[in-house]
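What follows is a single structure, and I will ask about it in a moment.
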Amino acid sequence: MYALCDVSAMYASCEKVFDPSIRKKPVVVLTNNDGCICATCPVARKMGIGKSFVPYFTVKDELAAMGVVIRSSNYELYADLSQRLMDTCARFAPDHHVYSIDECFLYFGSYIPDAGWQAHAKTIRRTVWKEVRLPIGVGIGPTPTLAKAANHASKRIEGFNGVAVIDNNAVRRRVLKQMAVVDIWGIGRRLARRLNEMGIETAWQLAESKPALMRKHFSVLVESTVYELNGITKLSWDDVRSPKQQIYSTRSFGERVTDKSILRQALLSHVTIAASKLRRQQGLVKTIQVFVSNSPHDRDSFYRKSVTHQFLTPTSDTSVIANTVSGLVENLYRQGVHFYKCGVGLIELVDAAQYQADLFSLSTDNALLMQCMDSINARYGRNTVHIAGQGTTPQYTMKREFLSPQYTTRLEGLPRILCD
DNA sequence: TCTGGGGTCCTAGGACCC
DNA sequence: TCTGGGGTCCTAGGACCC
């Protein structure tokens with residue numbers, strides 16, 4: 001059996017943990033640079049504020065009129081609470097996999113809890129609330145896709161109250177019949193529309209359809225989904241937690257950038273982020289892609305440029321990659337462009353353990369230095385030591401106008417308890 | 001006054017070569 | 001008279017997820 005645990009409106013829920021004054025108010029959290037809405041708490045959702053990823057400025061006045069509390073993304077806080085959440089969830093299964101900042105899969109293998117699945121799921125939910133003060137939904141099912149569906153039911157279907165277990169056909173049927181096809185894991189807006197045109201509206205109808213036919217009309221992925229909805233595992237545990245095939249770090253700027261050296265600094269900090277993720281999964285990169293662009297919303301004509309670079313010897317050394325990227329900036333930069341976004345992608349990866357080195361090309365990686373850097377940063381914070389090319393103080397800013405304190409990671413952010 | 005997220009994977013199609 | 005293949009590499013863009 002598999003379980004999927006995820007936090008309801010993660011970012012909004014995190015904001016409420018250390019600030020009792022907003023617990024009963026509608027809260028909305030914005031993405032980087034306060035661009036879009038990315039999380040809406042249940043109170044706000046009840047008021048009809050449901051749509052994620054609408055640009056904030058288009059609904060700003062409306063939200064203000066409704067008395068909605070606005071927060072910028074406070075990643076330091078969310079990452080720290082996420083860590084605590086994952087530590088707690090991990091205790092309840094032999095194996096776990098962190099799927100995103102607010103979700104994890106648990107894999108039980110042959111393990112069966114003494115108290116039964118329903119009770120086990122309730123215990124997970126209650127323990128997380130007690131220890132981390134985050135509201136989670138727990139879904140359990142025989143395949144990852146059904147665990148996801150159960151999780152959906154736990155939060156969205158009447159009568160489940162945060163916990164759903166699909167362990168027999170009656171429940172499976174009940175859940176899938178009340179679930180729109182678009183809410184199935186892996187079925188997006190577009191596929192859903194095409195399925196609807198074929199008369200398939202609910203998850204149950206998709207489960208009942210012929211797998212081979214779905215493969216013919218769509219892809220093997222949709223075919224696998226049909227099997228998974230019927231309890232036949234197509235996504236093995238190894239698939240669920242397989243290492244990334246590509247790693248990206250990209251970000252938009254708070255203010256447009258026109259200076260070449262600032263663009264370079266930003267790209268080099270993306271190298272730092274991406275390379276450390278790469279080392280975490282014990283990978284080496286063969287091909288990188290670096291891109292810069294202005295905004296399609298700006299009046300200027302659209303400018304986007306990307307270059308790819310192949311390394312003779314695969315590497316995971318931040319300074320080796322940074323040197324290359326630094327050189328590529330000359331190709332990417334253009335005078336007069338108002339840069340809005342840039343990023344670095346590690347697009348062709350190999351497993352460090354399996355890589356067969358070439359006899360004549362010697363790696364210049366300084367593994368010991370990287371190890372040292374990673375362990376210092378793991379302990380004292382992400383940018384405690386970094387390459388000089390990133391600059392000592394970032395010259396580009398991120399707009400975070402409504403930022404809450406970093407309650408758990410900075411002394412000056414420590415919550416205060418006032419006594420009358 | 002102006003404002004528009006970030007990440008991963010996949011594929012169609014163009015350029016180039018033989 | 002008219003026609004015309006197949007592989008590799010690269011890029012842009014789309015789909016999906018959170």
Exercise. With no hydrogens and no angle check, do the side chains of Thr318(A) and Arg279(A) hold a donor and an acceptor under 3.5 Å apart?
Worked result: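 Present: a donor and an acceptor within the cut-off.
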Problem set entry | Thr409(A) and Glu76(A): side chain donor to acceptor below 3.5 Å |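 Distance-only check fails for Thr409(A) and Glu76(A).
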Exercise. Using a cut-off of 4.0 Å on non-hydrogen atoms, how would the nucleic acid contact of Ile347(A) be classed: base, sugar-phosphate, or nothing?
Worked result: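 Counting heavy atoms under 4.0 Å across all strands, no contact is made by Ile347(A).
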For this session: Would you please test Tyr340(A) and His338(A) for ring pair (Phe, Tyr, Trp, His ring centres under 6.0 Å) and show each step?
Result: CA-CA 6 Å; Tyr340(A) 158 73; His338(A) 298 87; over 10 Å; no
For this session: Take Arg264(A) and Ser326(A), measure what side chain to side chain donor-acceptor pair (under 3.5 Å) needs, and give me the verdict at the end.
Result: CA-CA 6 Å; Arg264(A) 175 180 281 119; Ser326(A) 187; 3.0 Å; yes
Exercise. Heavy atoms under 4.0 Å, any strand shown: does Asp102(A) hit a base, just sugar-phosphate, or nothing?
Worked result: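 The residue Asp102(A) makes sugar-phosphate contact but no base contact.
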Exercise. Is Lys399(A) salt-bridged to Glu255(A), going by a charged N under 4.0 Å from an acidic O?
Worked result: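 Between Glu255(A) and Lys399(A) there is no salt bridge, as every charged N stays at least 4.0 Å from the carboxylate O atoms.
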Exercise. For Asp300(A), what residues pass the salt bridge (Lys or Arg N to Asp or Glu O under 4.0 Å) criterion, not counting sequence neighbours?
Worked result: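 Salt bridge (Lys or Arg N to Asp or Glu O under 4.0 Å) list for Asp300(A), sorted by chain: empty.
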Exercise. On DNA chain C, which is the earliest and which the latest nucleotide, 5' to 3', with an atom closer than 4.0 Å to a heavy atom of chain A?
Worked result: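 On DNA chain C, the outermost contacted nucleotides are dC10(C) to dC18(C).
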For this session: For Gln335(A), look at atom CD and say whether over 12 heavy atoms of other residues, nucleotides or ligands are found less than 6.0 Å away.
Result: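 Count not over threshold, so no.
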For this session: Look at all strands and tell whether Tyr99(A) reaches a base, only sugar-phosphate, or nothing, counting heavy atoms closer than 4.0 Å.
Result: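 Sugar-phosphate: the residue Tyr99(A), judged by heavy atoms under 4.0 Å, touches backbone atoms but no base.
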Problem set entry | Check: Asp239(A) main-chain N/O paired with Ser236(A) side-chain donor or acceptor under 3.5 Å |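 Pair found, side chain donor or acceptor close to backbone of Asp239(A).
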Exercise. Which residues, if any, of residues 238-263 of chain A bring a heavy atom under 4.0 Å of DNA chain B?
Worked result: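 Those residues whose heavy atoms fall under 4.0 Å from DNA chain B, taken from residues 238-263 of chain A in numerical order, are Lys244(A), Gln245(A), Gln246(A), Ile247(A), Tyr248(A), Ser249(A), Thr250(A), Arg251(A), Ser252(A), Arg256(A).
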For this session: Have a look at Leu30(A) and say if it touches a base, only the backbone sugar-phosphate, or nothing, with a 4.0 Å heavy-atom cut-off.
Result: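 Result for Leu30(A) = nothing.
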For this session: Under 4.0 Å between any heavy atoms, over every strand shown, what does Ser306(A) touch: base, sugar-phosphate, or nothing? Just pick one.
Result: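 The residue Ser306(A) makes sugar-phosphate contact but no base contact.
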For this session: Would you mind classifying the nucleic acid contact of Gly345(A) as base, sugar-phosphate or nothing, using non-hydrogen atoms under 4.0 angstrom?
Result: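 If one applies the 4.0 Å heavy-atom cut-off, Gly345(A) turns out to touch nothing in the nucleic acid.
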Problem set entry | Pairing partner of dC18(C) (Watson-Crick or G-U wobble, both distances under 3.5 Å) |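 Looking at the geometry, dC18(C) pairs with dG5(B).
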